[in-house]
Amino acid sequence: MSDDEADPELLALLRQHFQGKLNLNEEPETGVLEGAEYVYDNSIDVALNMRATKNAAAFIYEQMQQKEFSTASWSEHELHPKAKDESTVAFIFTMDLLNFSFWSLRPEDERFAVSYKDKTWTGYWSLVASLQRALEEDIPITDPHYWQNEEECNLESLRYVFRSCTDEEIPLLEARLACLREAGQVLYEKYSCSFTKCIEAANKSAAGLVNLLARDFDCFRDEFKFEGRRKPIRFLKRAQILVADIWACFNGEEYGEFKDIDKITMFADYRVPQILASLGCIGYSPPLQALVMRRDILESGHNYEIQLRACSIWCVELLKREIKREHPDAKVNAILIDFFLYDTMKQLEAQEKETMPHHRTRSIWY
Ligand SMILES: Nc1nc2c(c(CN[C@H]3C=C[C@H](O)[C@@H]3O)cn2[C@@H]2O[C@H](COP(=O)(O)O)[C@@H](O)[C@H]2O)c(=O)[nH]1
């Protein structure tokens with residue numbers, strides 16, 4: 001090809017770009033924050049209290065400073081994996097595939113719990129403990145080949161992996177097996193059986209990785225219709241917390257290097273809304289307040305649930321903006337605020353200072 005002839009491949013790319021089929025310079029967006037603001041603007045059962053949010057921002061910043069809360073805090077947790085390698089990436093992927101719905105309607109001492117390292121673990125930590133225990137028992141629970149081997153990986157073996165030290169078994173066991181099966185199939189078909197290939201495909205974009213997960217894995221596509229709006233409201237909670245866990249574990253380097261990590265929002269689960277409500281940052285309408293206080297089941301996709309999850313995302317966004325307004329150099333983003341709020345809620349729960357119950361929705365989304 002002579003110097004003055006353009007590269008045909010480049011020409012094809014540019015043609016696609018100018019036809020609007022390919023945006024070379026567009027930074028990917030997840031759409032989560034845009035959807036959260038839309039729901040906030042159209043909510044009548046959940047509201048934000050600006051005064052309480054402003055006060056909470058000051059309290060959170062001061063506490064995070066005092067505890068030197070950073071990405072390093074992630075690895076300091078006793079059960080979180082310490083190696084900075086591909087096995088830890090596989091562990092985190094497995095963990096966030098299954099990181100949902102641990103709450104119980106039974107009394108605290110009868111709820112699903114896991115005995116590991118001479119301690120009893122509940123909630124999220126029961127999941128992490130089960131995975132660590134399985135690996136110590138040479139069960140390849142983080143291996144996509146295992147997830148697809150129906151002889152080895154089935155309800156029976158998964159019941160053993162998540163065996164409880166109480167009469168209650170882990171909630172949604174069948175759904176957890178289905179998540180592993182689907183993820184194993186997608187990784188096999190598209191990503192050479194390794195989540196590290198998904199990370200590579202996202203080209204250091206956190207939003208791009210979240211969108212890839214929502215596009216290729218049904219079990220990460222956490223989005224719901226809201227009233228008359230045409231586009232679904234995207235929460236993508238487990239996709240986002242997966243990216244955040246990778247980023248935090250690797251301290252923003254190697255597999256955890258993302259140029260747009262601040263696009264990740266708070267993870268709309270059932271714990272952080274609980275602490276936001278306890279701090280007075282978010283408030284519920286009388287019927288919703290009564291439903292939460294009675295610990296009634298709130299079905300997945302209900303208008304109340306969408307308002308509660310979305311307004312929590314928007315509230316953490318406003319907390320972040322308030323902290324940055326007061327402290328322009330503060331190294332905070334929605335992830336670190338979220339992690340801090342979750343850990344604080346768990347401390348309050350351990351001290352039995354749980355002021356307000358969390359809402360109870362049973363689903364694979366959070
Ligand atoms: N928004 C948000 N939701 C979080 C977490 C975590 C744990 N993250 C660890 C990693 C770094 C942090 O410092 C934490 O140590 C679990 N969850 C969600 O909560 C629920 C479990 O609640 P419970 O049954 O009480 O354990 C369930 O939906 C689970 O998906 C978080 O950080 N943020």
Side-chain angles (χ1 to χ4, degrees), residues 74 77-82 87-187 193 195 217-220 222 237-239 241-242 245 249 267 269-271 297 300 342 346 349-350 358 360-366:
W74 193 95
H77 286 284
E78 178 185 350
L79 295 186
H80 278 163
K82 305 292 180 277
S87 70
T88 290
V89 172
F91 187 95
I92 294 173
F93 181 68
T94 310
M95 184 182 80
D96 283 323
L97 258 180
L98 305 174
N99 189 359
F100 55 82
S101 216
F102 305 105
W103 57 265
S104 169
L105 289 170
R106 299 201 191 177
E108 191 52 26
D109 59 351
E110 293 174 25
R111 67 180 291 194
F112 165 68
V114 168
S115 178
Y116 176 65
K117 284 186 183 286
D118 301 325
K119 285 184 186 169
T120 300
W121 306 91
T122 57
Y124 163 79
W125 296 110
S126 66
L127 164 66
V128 190
S130 300
L131 297 180
Q132 294 287 20
R133 181 176 63 181
L135 291 176
E136 280 178 16
E137 295 169 345
D138 293 328
I139 299 169
I141 191 66
T142 61
D143 180 348
H145 299 92
Y146 175 73
W147 304 342
Q148 286 198 288
N149 180 328
E150 299 196 10
E151 290 296 304
E152 306 256 308
C153 178
N154 49 48
L155 265 189
E156 201 60 36
S157 55
L158 220 53
R159 189 165 281 121
Y160 177 76
V161 166
F162 292 109
R163 61 192 184 281
S164 174
C165 56
T166 70
D167 290 342
E168 187 175 52
E169 82 169 10
I170 189 168
L172 298 178
L173 183 68
E174 293 80 358
R176 295 181 203 274
L177 177 57
C179 287
L180 293 177
R181 283 269 201 274
E182 186 215 349
Q185 183 68 25
V186 173
L187 287 180
C193 289
F195 179 61
F217 297 82
D218 295 348
C219 67
F220 279 114
D222 171 14
K237 180 258 175 188
R238 286 193 292 105
I241 200 170
L242 167 53
D245 283 337
C249 172
F267 319 115
D269 73 316
Y270 53 87
R271 278 297 175 196
I297 298 290
S300 177
Y342 173 85
K346 297 304 287 176
E349 189 195 35
H358 62 75
R360 280 159 168 75
T361 296
R362 190 65 84 197
S363 81
I364 69 163
W365 306 118
Y366 60 95

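Nothing fancy with the numbering, it's 1 onward along the sequence. Only this structure's heavy atoms are used, side chains among them; waters, hydrogens and symmetry mates stay out. Note that this is a predicted model, so its numbers are computed, not measured.
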Practice task
Check whether more than 12 heavy atoms from other residues, nucleotides or ligands sit under 6.0 Å from atom CD of Glu174, and answer yes or no.
Solution key: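 Counting other residues, nucleotides and ligands, CD of Glu174 exceeds 12 neighbours.
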
Exercise for the section: Step through the shown structure and confirm whether more than 12 heavy atoms of other residues, nucleotides or ligands are within 6.0 Å of CG on Asp109. Expected result: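 Yes - once you tally the heavy atoms of other residues, nucleotides and ligands closer than 6.0 Å, there are more than 12.
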
Rounded to the nearest 0.5 Å, what separates atom [atom1] in [X] from atom [atom2] in [Y]?
X      : Y      : atom1 : atom2 : result
Leu177 : Glu156 : CG    : CD    : 11.5 Å
Leu172 : Leu98  : CG    : CG    : 11.0 Å
Ser87  : Asp143 : OG    : CG    : 12.0 Å
Leu180 : Gln185 : CG    : CD    : 13.0 Å
Ile364 : Leu97  : CD1   : CG    : 9.5 Å
Phe93  : Leu187 : CZ    : CG    : 4.5 Å

Problem - Residues Lys346 and Glu349 bridged, charged N to O under 4.0 Å - result: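 Salt bridge present between Lys346 and Glu349.
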
Problem - Electrostatic pair Glu78-Lys119, nearest N-O below 4.0 angstrom - result: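 Looking at Glu78 and Lys119, the cut-off is met.
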
Practice task
Decide side-chain contact (heavy atoms from CB on, under 4.5 Å) for Val89 and Cys249; before the verdict, give the C-alpha distance in whole Å, the side-chain angles of both, and the deciding distance to 0.1 Å.
Solution key: CA-CA 9 Å; Val89 172; Cys249 172; over 6 Å; no

Minimum side-chain heavy-atom gap [X]-[Y] below 4.5 Å:
X      : Y      : value
Tyr124 : Tyr342 : yes
Asn149 : Glu151 : yes
Tyr146 : Ile139 : yes
Asp167 : Glu110 : no
Lys237 : Asn99  : yes
Asp269 : Ile241 : no
Pro144 : Val186 : no
Thr142 : Leu131 : no

Just by modelled atom types, is the [Y] backbone N or O under 3.5 Å from a matching donor or acceptor in the [X] side chain?
X      : Y      : value
Ser126 : Val114 : no
Glu168 : Arg106 : no
Glu169 : Arg159 : no
Arg238 : Tyr366 : no
Ser164 : Ala113 : yes
Ser101 : Arg362 : no

Please report the shortest heavy-atom distance between [X] and [Y], naming the atom on each side.
X      : Y      : answer
Leu242 : Asp96  : CA-OD2, 3.2 Å
Trp365 : Cys219 : CZ3-O, 3.5 Å
His80  : Val128 : CD2-CG1, 4.3 Å
Phe162 : Phe112 : O-CE1, 3.2 Å
Thr94  : Trp147 : OG1-CZ2, 3.3 Å
Ile170 : Phe102 : CD1-CE2, 4.4 Å

Practice task
Describe, in one word, how the ring planes of Trp125 and Trp121 are oriented to each other, choosing from parallel (under 30°), tilted (30 to 60°) and perpendicular (over 60°).
Solution key: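 It falls in the tilted class, 30° to 60°.
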
Practice task
Give the ring-plane orientation class for Tyr270 versus Trp103, where under 30° counts as parallel, over 60° as perpendicular and anything between as tilted.
Solution key: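 Answer is perpendicular, since the angle exceeds 60°.
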
Problem - Residue that, paired with Arg181, satisfies side chain to side chain contact (heavy atoms under 4.5 Å, CB included) out of Arg176, Glu150, Gln148 - result: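 The side chain to side chain contact (heavy atoms under 4.5 Å, CB included) with Arg181 is passed solely by Glu150 among Arg176, Glu150, Gln148.
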
